[in-house]
Amino acid sequence: MGVCLMKWQWPWLLYVLLICHVINRNEAISPDGEALLNFRTAVSPNSDLLPWRPEDPDPCKWKGVKCDPKTKRVTNLFLDHLKLSGSISADLGKLEHLRILALNNNNLYGTIPSELGNCTELQEIYLHSNYLSGVIPSEIGNLSQLQNLDISSNSLSGSIPPSLGKLYSLKNFNASFNFLVGPIPLDGVLANYNESSFLGNLGLCGVQISSTCKNDGSPKSNSQSSISDLNGKRKDSGRLLISASATVGALLLVALMCFWGCFLYKKFGKNHRESLAMDVCGGASIVMFHGDLPYSSKDIIKKLETLNEEHIIGCGGFGKVYRLAMDDGNVFALKRIVKLNDGFDRFFERELEILGSIKHRYLLNLRGYCNSPSSKLLIYDYLPGGCLDEALHERSEQLDWDSRLNIILGAAKGLAYLHHDCSPRIIHRDIKSSNILLDGNLDARVSDFGLAKLLEDEESHITTIVAGTFGYLAPEYMQSGRATEKTDVYSFGVLVLEVLSGKRPTDASFIEKGLNIVGWLNHLITENRARDLVDQQCEGVRVESLDALLSVAIQCVSSSPEDRPTMHRVVQLIESEVMTPCPSDFYDSNSE
Ligand SMILES: Nc1ncnc2c1ncn2[C@@H]1O[C@H](COP(=O)(O)OP(=O)(O)O)[C@@H](O)[C@H]1O
Ligand SMILES: *[C@@H]1O[C@H](CO)[C@@H](O)[C@H](O)[C@H]1NC(C)=O
Ligand SMILES: *[C@@H]1O[C@H](CO)[C@@H](O)[C@H](O)[C@H]1NC(C)=O
Ligand SMILES: *[C@@H]1O[C@H](CO)[C@@H](O)[C@H](O)[C@H]1NC(C)=O
Ligand SMILES: *[C@@H]1O[C@H](CO)[C@@H](O)[C@H](O)[C@H]1NC(C)=O
Ligand SMILES: [Mg+2]
């Protein structure tokens, strides 16, 4: 219309208005149809899967759509198993007469829109087997006619809303394999379901799954007891993480005593070399490891105050990263994590004490941290080479074969150290190319180890997993949320494939075919052309070491964790099979 009115001359105007009118008439689709088109927009680029025509008067003949024959209002939406990728539009809430919503077995991410609570005639909701995150909207409890609710196998977090107890028509309910936590409410119909509806949610407790909740016995203040229960859980999972080994308890105690010890030493004016805690303005304290930061807290705080947007060098799932240049010319990277929940500080400090004690050639050095009331600041070495993600996918100057091998070997050694030589052992949980940093010689440093676990209850982390990292996650980790060394090995395998191919694990070209990088590899293997995976831009590829490295990667991304090698073994294989001159090279050089 706007375009039409720009025509001035008035004999034309009438004519043009008439045409516009006709076109508008043709384009006027029913409100339900419009809501569905908005839904489709949010799940593009798979729009070719939904040949829905905006010119139609109503959506009733569209694929997957069923209407009431009289009212032409949408009643059923069957869009399962279509590889839809994107978020679920809140506009579905406008489908007032929707009875069945089947979006299961797609690649949907984002949250379940609370607006679904407006579709009061809904009888069946199938959202299982997607990557949905966020909480279960309490508005779902308004759907009094709902009989089936399957939200299993997603990444949903938070607790189960008691309002679901009002679903008096509910027959089948499945919330298995999510990251749900807290007590399962006993309200209404929720009391009727047993453990088979709640499988694989490690943080849930309740009589339905015969697991007693902490502090359950105190019916005094309900809300308080559930909050402290969550805190209890957080501590528990923290301990679980550290405590892969039997010596954990003792180690924790030692770490804690060291921490307090340092504190006391400081108080009594003794100079302690190991770590130094100081109180600074506003209750913030700066802790330095190993005398690694030869500055006074005052100097550091003064520098911190000058940091602004210009100094940002990156943003990730945990917060922003700044470049911190001291007056003496030393440069550090400062990671700012926005304040977490109260009561988290002690746990945080304990963990960081452990992370700060880990020094290794192929790990990013944590020099200290500042724990202020409003945020957590971690101070790391600054690495001039940036991250591998950029080096592979964003820089014009390509990494050659030998640099790629060198980076892979370094990353493998760093990870092997975390798994096998640290005590307590550390599972990284977030191996990906943006967490492999490069120094001036293009040597790898593994970064952010231990952070994923540290921040696992943060909602932002769940979104990182789903949006940024999901191409790296082992299938059993997606299912259970339980990280092991072998889930890291899988992610490392994906990383190797990424470095070899120069393609991101969730490159659009895979997603279009419904694959990820591992799926693509498997496809190439069945066609007996795995070597085609290698980046055409990469110079100096040696076929023998390519084959050997592919074979390592293939073992790492095996779908069953037992078939994956340990990181120690991976390092051995890379050193003996990939890096050393292989027989044919050997003969070649001999014959010359
Ligand atoms: N120590 C560092 N030295 C140089 N650059 C860094 C350093 N730490 C982080 N960066 C940059 O900041 C970006 C964001 O880091 P981070 O917050 O860990 O997010 P993510 O790992 O999810 O990308 C990284 O991709 C990297 O480019
Ligand atoms: C859902 O219902 C509420 C209140 O009835 C209304 O304000 C809102 O606009 C509705 N949302 C949609 C998407 O229809
Ligand atoms: C739907 O549920 C929400 C929260 O559970 C509630 O606040 C709201 O009033 C309900 N709306 C209707 C229309 O019942
Ligand atoms: C749990 O409930 C399902 C039905 O929802 C039933 O088939 C199953 O036998 C029950 N399992 C146990 C252990 O009670
Ligand atoms: C819930 O879904 C999981 C995973 O698909 C399945 O193993 C479990 O049996 C289902 N439970 C019920 C009650 O249907
Ligand atoms: Mg990182």
Side-chain angles (χ1 to χ4, degrees), residues 80-81 102 104-105 124-130 132 147-156 160 164 167 170-180 184 189-201 204 206-211 312-323 333-337 355 363-366 376 378-383 385-391 411 414-415 418 428-438 444-455 458 460-461 463-465 467-469 472 475-476 478-481 488 491 495:
D80 52 299
H81 294 88
N104 51 289
N105 299 85
E124 301 173 35
I125 299 182
Y126 303 106
L127 298 176
H128 50 284
S129 302
N130 279 293
L132 298 169
Q147 298 172 12
N148 287 312
L149 176 59
D150 193 342
I151 47 176
S152 62
S153 297
N154 277 291
S155 300
L156 299 168
I160 296 177
L164 297 191
L167 297 170
L170 196 64
K171 293 183 195 132
N172 300 311
F173 172 59
N174 200 342
S176 299
F177 302 113
N178 280 292
F179 302 100
L180 300 168
I184 304 170
V189 300
L190 282 175
N192 303 345
Y193 295 91
N194 63 30
E195 66 260 24
S196 66
S197 297
F198 303 101
L199 303 168
N201 289 285
L204 282 179
V207 294
Q208 293 94 331
I209 56 174
S210 341
S211 125
I312 294 179
I313 49 178
C315 296
F318 301 125
K320 295 184 173 132
V321 181
Y322 297 79
R323 188 171 187 276
L334 180 96
K335 176 168 284 190
R336 180 161 189 262
I337 295 169
L355 297 183
L363 295 177
L364 180 66
N365 190 16
L366 174 65
K376 315 266 178 229
L378 308 186
I379 303 173
Y380 290 102
D381 285 359
Y382 172 80
L383 290 193
C387 67
L388 176 60
D389 182 59
E390 284 163 20
L415 195 51
L418 292 174
H428 189 296
R429 294 181 176 223
D430 200 12
I431 286 289
K432 56 177 174 177
S433 56
S434 71
N435 277 337
I436 309 297
L437 302 178
L438 302 175
R445 301 279 181 112
V446 177
S447 77
D448 286 352
F449 46 89
L451 280 196
K453 182 239 144 215
L454 189 62
L455 303 172
E458 262 285 288
S460 66
H461 177 59
T463 47
T464 343
I465 285 195
T469 327
Y472 295 92
E476 80 277 7
M478 291 295 310
Q479 283 280 305
S480 69
D488 274 356
S491 308
L495 182 85

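In this text the structure is predicted, and so the values were computed from the model without any measurement. Counting starts at 1 for both ligands and their atoms, in listed order. All residue numbers in this chain count up from 1 along the given sequence. Values reported hereafter were calculated over all heavy atoms of this structure, with side chains retained and with hydrogens, waters and symmetry mates removed.
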Geometric cation-pi criterion Arg336 and Tyr322, 6.0 Å radius, 45° cone = no

The single option from Leu366, Leu363, Leu437 that satisfies side-chain contact (heavy atoms from CB on, under 4.5 Å) with Ser447 is Leu437

Shortest non-hydrogen contact from Cys387 toward Ser433 = CB-O, 4.2 Å

Between Leu415 and His428, the two heavy atoms sitting closest are CD1-CB, 3.9 Å

Is the distance between the Mg ion (ligand 6) and the nearest N/O/S atom of Ser434 smaller than 2.8 Å?
-> no

Partner residues of Phe173 under the ring pair (Phe, Tyr, Trp, His ring centres under 6.0 Å) criterion, sequence neighbours left out = Tyr193, Phe198

Say you draw a straight line from CG of Asp150 to CG of Asn172; how long is it, rounded to the nearest 0.5 Å?
-> 8.5 Å

How would you list, by chain and number, the residues with a heavy atom under 4.0 angstrom from ligand 4?
-> Asn194, Glu195, Ser196

Nearest to the Mg ion (ligand 6) - the N/O/S atom of Asp448, by atom name | OD2

Indicate yes or no for a side-chain donor-acceptor contact from Asn435 to the backbone of Lys432 under 3.5 Å, with no hydrogens or angles considered.
-> no

What atoms in ligand 5 come closer than 4.0 Å to a heavy atom of Ser176?
-> 1 (C)

